[in-house]
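These notes are about the structure you will find just below.
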Amino acid sequence: MTIATQPHTILLDEAKPGHEYDVVRRVIEDISENYRDQPSLEELAANAGMSPTALQKLFTRWAGLSPKGFLQAVTLDHARRLLASDLPLLETAYEVGYSGPGRLHDLFVTHEAMSPGEFKARGGGLSMRYGFHICPFGLALVMVTDRGLAGLAFCDPGSEREALADMQGRWPNAHHFEDMGATAPYAARIFDPANWRSDQPLRVVLIGTDFQVSVWNALLKIPMGKAVAYSDIASDIGRPKASRAVGAAVGANPVSFVVPCHRAVGKSGALTGYHWGLTRKRAILGWEAGQLATR
DNA sequence: ATGACTACCAGAT
DNA sequence: ATCTGGTAGTCAT
């Protein structure tokens, strides 16, 4: 069924990159609501209020993938294939310890977990610097400590307060202050694949319960372009029946995108949920497919 | 009590 | 043959 979208006129700032994702997001919503009847580029463009060629260009520049390609990349069948491919990969793939650097997540991440004591302190004695940055998926709220990246959240322009509250609530005892200068390099490093290099691994600090950390650790092992079922993660961490609890832990991941919680899907390949909005999950998955295709 | 889960069964298409 | 919806196990918060 087609939603009668108002002929919303975009008044200002159409060229700003932040608004680019706005357009893309609407198109993605459109696609995911109507993907069953294979909307044509013309229809999508009409709904978005722009010319087919303009949309084609914008979308492709954004995702590295045409709207059509994106449509396919986010399909159930596709997700199933990602799942089916090689499941043993979780067991074998990378050698990872809690401390040693390793090749994880094409982004190249070094991660360490905070001690249980530090976790219980709920951030006490920790300084968190934060900043908002435009990224391919809207606004990114980046939070860092002197030990590395501790938080990454998404939001749309206008809802910065909520995102910040959400994040700060996770470490209520920390000293939070804004410092875009400190966070900007992280944003640049994270969202531009050109900067994903092993010689400067991204330092990440995982702050959570033991169970959560083990789940996030498992997520870190999923390479780009692959997906894993919650139940697979459950088996991987040695609690085959805890898939539901795994879902909760995945959902609690404070470092979204970097810890690729978007690559966790239902056993059927269905995208079951995302703390920062299902549309965003689709966007990230589609964008990743585009990065792979362009590589 | 509550889920970003699953396996399973009954109807419906 | 498939899809949909409800149900009953499960387990860390």
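As the structure is a prediction and not an experimental result, all values here were calculated from the model. So that the names make sense, note that chain A is the first sequence line, chain B the second, and so on, each numbered from 1.
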Heavy atom of residues 246-256 of chain A under 4.0 Å from DNA chain B: which residues?
-> A/G247, A/V250, A/G251
Taking it one step at a time, do A/W216 and A/H111 satisfy side-chain contact (heavy atoms from CB on, under 4.5 Å)?
-> CA-CA 10 Å; A/W216 301 337; A/H111 66 293; over 6 Å; no
State which of [options] makes the closest approach to the side chain of [X].
{"X": "A/K267", "options": "C/dT13, B/dA7, C/dC11", "value": "B/dA7"}
{"X": "A/S243", "options": "C/dA12, B/dT6, B/dA4", "value": "B/dT6"}
{"X": "A/K241", "options": "B/dC5, C/dT10, C/dT13", "value": "C/dT10"}
{"X": "A/Q212", "options": "C/dT13, C/dC11, B/dC5", "value": "C/dT13"}
{"X": "A/K281", "options": "B/dA4, C/dT13, C/dG9", "value": "B/dA4"}
{"X": "A/R244", "options": "C/dT10, C/dT13, B/dA4", "value": "C/dT10"}

Are A/S231 and B/dC5 close enough that a side-chain N or O sits under 4.0 Å from OP1 or OP2?
-> no
Side chains of A/T53 and A/Q56: do they bring a donor and an acceptor to under 3.5 Å?
-> no
Value rounded to 0.5 Å, distance of CZ in A/R282 from CD in A/E29 | 9.0 Å
Can you tell me how far the CZ atom of A/F191 sits from the OH atom of A/Y186, to the nearest 0.5 Å?
-> 14.0 Å
Does A/Y274 get its side chain close enough to the base of B/dA4, under 3.5 Å, for a donor-acceptor pair?
-> no
Roughly, in whole Å, what's the span from NZ in A/K120 to P in C/dT13?
-> 12 Å
Could you check A/R129, A/E178, A/H133 and say which one makes a side-chain hydrogen bond (donor to acceptor under 3.5 Å, both in side chains) with A/T183?
-> A/H133
Looking only at heavy atoms, the pair that brings A/P136 and A/W287 closest together is CB-NE1, 4.2 Å
Heavy atoms only: give me the nearest A/V250-A/C261 pair and the separation to one decimal.
-> CG1-CB, 3.6 Å
So, the side chain of A/E288 versus the backbone of A/L285: is there a donor-acceptor pair under 3.5 Å, distance only?
-> no
Can a salt bridge be assigned to the pair A/D30 and A/R26 using a cut-off of 4.0 Å between side-chain N and carboxylate O?
-> no
Base-paired stems in DNA chain C, each at least three Watson-Crick or G-U pairs under 3.5 Å | B:1-3 with C:11-13, B:5-13 with C:1-9
